[in-house]
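When a ligand or atom number is given, it counts from 1 through the structure's own listing order.
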Amino acid sequence: MRRLLPVLMFVGLWAGLCAGADMPRLDKDHDEYHLIVDGKPYLIVGAQVHNSSGWPDTMAPLWPALNKLSANTVMIPVYWEQLEPQPDTFDYSVVDGLLAGAREHHLHLALLWFGTWKNGGMTYTPSWVKDDPKTYPRVQTRDGLMVEALSPLGQHSWERDGAALSKLMSHLKEVDGDQHTVILVQVENEAGVLGSDRDYSPEGDRAFAQRVPDVVLRSLGLKTSGTWEQVFSERAPEAFMAYHTAKYFQQVASAGKAAYPLPFYINVWPREQPGLLRPGYSSPSGGAVAYLLPMWKALAPAIDIIGVDNYDTNPAPYFGLADLYSRPDNPLFIPETGGTVAHAKHMFEIFARPSALGISCFGYNGSDLTQTATVKPPYSAVAIDYALVGPAAQMLLQLRDAHHLQAAIEEDGLANVPLLFDRYDAVARFGPVRSGYGGDRGQGNTDLSGRVLIGQIAPDEFLVIGVDANVLFAPKLGHRGMASVVSVEEGSFVDGMWQRKRLLNGDETYFGLELGPEGTTLRVKFTLPQ
Ligand code: DGJ
């Protein structure tokens with residue numbers, strides 16, 4: 001394979017050149033990552049439809065609903081069983097329908113390749129794969145029972161999966177190579193096996209008895225060498241499965257990339273789960289779990305981004321997980337998150353993080369929209385975020401790159417968050433503001449929904465975006481005058497340009513900048529007379 005790599009990379013580069021300029025790509029500049037779409041940095045404000053919604057009849061009412069949600073990117077599965085119902089017979093009609101629907105509704109697509117793996121199983125593989133475990137071997141348990149998951153050791157499986165992905169990518173190049181409706185491809189879904197910690201088939205046992213390859217030791221900085229058990233002890237089954245799964249991914253992804261090199265990502269079911277830690281049961285065994293990330297990077301370079309599915313509502317584990325996947329060799333991307341108020345709040349913080357490509361809420365089905373004009377719970381808080389952040393995305397990315405963007409989110413017992421800028425200090429106050437010792441303070445919202453993004457546009461000018469909050473600015477400590485408000489404009493961005501709706505004065509600004517439950521975008525100018 002090592003000898004094949006340069007050839008595949010050359011073929012990939014060539015395919016990219018042929019696919020036209022300004023292909024979507026992942027860029028790293030001054031240690032910060034950006035997804036570049038149509039030549040510009042792009043922030044993913046995404047929504048993923050349900051697992052089996054990627055069919056024309058299901059999508060028809062969903063497209064307008066996705067517009068109401070104000071998502072800019074929709075994640076939709078493409079099913080191996082549908083794309084290749086018989087070996088070497090391909091049906092692109094469903095994919096073509098997705099492209100048409102997305103274009104009509106001015107949305108970008110991330111296509112999710114539901115091939116060998118779906119949540120540690122093989123439910124979306126074609127029936128000719130499911131029916132033939134001799135050719136496409138399954139993982140076997142310690143007792144020799146077959147699990148409903150393909151073994152990563154199965155060469156025919158990765159060859160067929162890679163060939164099918166390659167067909168899909170060639171087709172995308174042909175029908176979308178100029179338009180770039182599809183900007184990303186997710187390879188597989190939450191890979192690894194559920195139902196066993198490793199493959200105990202005779203072939204699995206043979207491979208498990210071998211010595212750990214040098215590339216694994218090197219990538220993880222391990223000094224001990226030996227068998228998987230000697231090197232990894234109780235983590236050996238998981239590390240062994242991850243090694244073979246990463247190699248499988250490289251085969252599949254490099255075949256796809258050679259046809260049309262869009263940025264490829266994977267979504268990881270994290271190992272860090274509530275309850276007992278039992279890889280293979282509490283989470284799939286073999287995925288790109290955090291401690292094995294450097295190994296995955298070394299073995300599967302055709303995967304550009306390792307994303308992590310992150311559903312926690314508690315901020316500590318949520319941001320802890322985000323930190324684990326945000327590394328110099330990997331941008332932060334959360335391909336799946338929930339739709340609750342807590343998730344909507346976490347999003348504000350994620351959008352402000354350097355190198356964050358964006359986020360996507362999972363399972364949006366638009367059912368709430370059939371009767372009503374606006375998005376209702378459980379996605380209403382996310383819809384508010386997306387309507388605020390989507391139009392401002394270009395400006396937010398510029399501010400973030402200049403290190404002039406900060407977020408504040410409300411937490412239990414944390415209702416007043418200071419944010420410090422060059423010439424001004426600000427405080428985000430959540431909930432009703434009351435006077436007391438120490439000044440005027442937010443008392444907290446009952447649902448802890450407060451969230452704010454503040455960007456310094458110029459030394460005396462700020463963009464303030466927020467929900468359920470009140471923001472107060474003051475000159476930096478030590479400045480001897482008052483900060484006078486020059487103007488507070490309420491508005492939004494249209495095609496990247498600021499559009500003022502009205503000027504706010506009087507009660508709306510006298511007691512701090514009020515950001516209500518529907519969310520508000522303000523552009524504020526101050527002056528500091530001496
Ligand atoms: C994570 C998976 O990647 C999704 O496809 C879906 O099954 C969700 N879990 C359900 O919560």
Side-chain angles (χ1 to χ4, degrees), residues 44 46-55 58-59 62 66 71 73-83 94 98 109-125 147-150 161 184-195 242 245 249 252-253 264-275 279-290 296 303 305-314 317-318 321-322 324-325 332-340 342-344 346-347 350 357-367 377-379 382:
I44 299 166
Q48 184 171 152
V49 302
H50 267 292
N51 292 163
S52 300
S53 299
W55 296 87
T58 319
M59 283 309 299
L62 247 172
L66 287 156
T73 312
V74 189
M75 277 70 176
I76 308 183
V78 173
Y79 316 109
W80 187 6
E81 61 182 348
Q82 181 281 319
L83 190 86
V94 172
L98 298 181
L109 287 177
L111 293 180
L112 320 178
W113 173 239
F114 280 17
T116 295
W117 282 285
K118 166 69 179 77
N119 297 26
M122 56 181 287
T123 45
Y124 288 89
T125 55
V147 174
E148 218 194 314
L150 292 178
D161 187 333
L184 283 171
V185 170
Q186 178 187 295
V187 183
E188 317 290 350
N189 192 88
E190 293 191 342
V193 57
L194 278 181
T245 307
F249 264 76
V252 172
F264 281 4
Y265 75 93
I266 61 173
N267 67 326
V268 179
W269 177 331
R271 186 178 201 261
E272 297 71 21
Q273 292 290 314
Y281 300 93
S282 53
S283 61
S285 177
V289 293
W296 267 81
I303 301 296
I305 305 151
I306 299 186
V308 62
D309 293 345
N310 198 350
Y311 283 91
D312 248 297
T313 48
N314 183 308
Y318 193 92
L321 196 56
L324 288 174
Y325 282 81
L332 175 59
F333 179 41
I334 301 187
E336 289 183 32
T337 198
T340 69
H343 297 112
H346 295 162
M347 284 176 184
I350 296 293
L357 303 185
I359 199 162
S360 177
C361 62
F362 174 79
Y364 185 65
N365 65 10
S367 56
Y379 290 93
V382 170

Student: Output yes when the distance from some N or O of ligand 1 to some N or O of Q48 is under 3.5 Å, and no in every other case.
Tutor: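 Checking ligand 1 against Q48, no N or O pair falls under 3.5 Å apart.
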Student: Heavy-atom contacts with E190 under 4.0 Å: which atoms of ligand 1 show up? List them by number with element.
Tutor: 1 (C), 2 (C), 3 (O)
Student: Taking only heavy atoms of K118 into account, list the atoms of ligand 1 that are under 4.0 Å away from them.
Tutor: 4 (C), 5 (O), 7 (O)
Student: Considering only heavy atoms of D309, which atoms of ligand 1 have at least one such atom less than 4.0 Å away?
Tutor: 3 (O)
Student: Is the distance between the ring centroids of F249 and W296 under 6.0 Å?
Tutor: yes
Student: Within this structure, what is the CG-CD1 distance for the pair N267 and I334, rounded to the nearest 0.5 Å?
Tutor: 12.0 Å
Student: Using a heavy-atom cut-off of under 4.0 Å, does the side chain or the backbone of F362 touch ligand 1, or both, or neither?
Tutor: side chain
Student: Give the ring-plane orientation class for Y79 versus F114, where under 30° counts as parallel, over 60° as perpendicular and anything between as tilted.
Tutor: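 Plane angle over 60°, so perpendicular.
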Student: Of all the atoms in ligand 1, which lie at a distance below 4.0 Å from a heavy atom belonging to N267?
Tutor: 3 (O)
Student: First locate atom OG of S282, then atom CG of L194, and finally report the distance between them rounded to the nearest 0.5 Å.
Tutor: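 Reported to 0.5 Å precision, the distance equals 8.5 Å.
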Student: Is it true that H50 and F362 have ring centroids separated by less than 6.0 Å?
Tutor: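 Aromatic pair counts; centres sit under 6.0 Å.
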Student: Out of all atoms in ligand 1, which are within 4.0 Å of some heavy atom of N189? Include the element for each.
Tutor: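 Answer for ligand 1: 2 (C), 3 (O), 5 (O).
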Student: For atom 7 (O) of ligand 1, what is the closest protein heavy atom, and at what distance to 0.1 Å?
Tutor: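 Of every protein heavy atom, N119 ND2, 2.9 Å lies nearest to atom 7 (O) of ligand 1.
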Student: CG of D161 to CG of L150: how many Å apart, nearest 0.5 Å?
Tutor: 8.5 Å
Student: Looking at atom 1 (C) of ligand 1, what's its closest protein heavy atom, distance included?
Tutor: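 Residue, atom and distance for the closest contact: E336 OE1, 2.9 Å.
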Student: So which heavy atom in the protein is nearest atom 11 (O) of ligand 1, and how far is it from that ligand atom?
Tutor: Y311 OH, 4.2 Å
Student: Can you tell me how far apart CD (E148) and OG1 (T125) are? Round to the nearest 0.5 Å.
Tutor: 8.0 Å
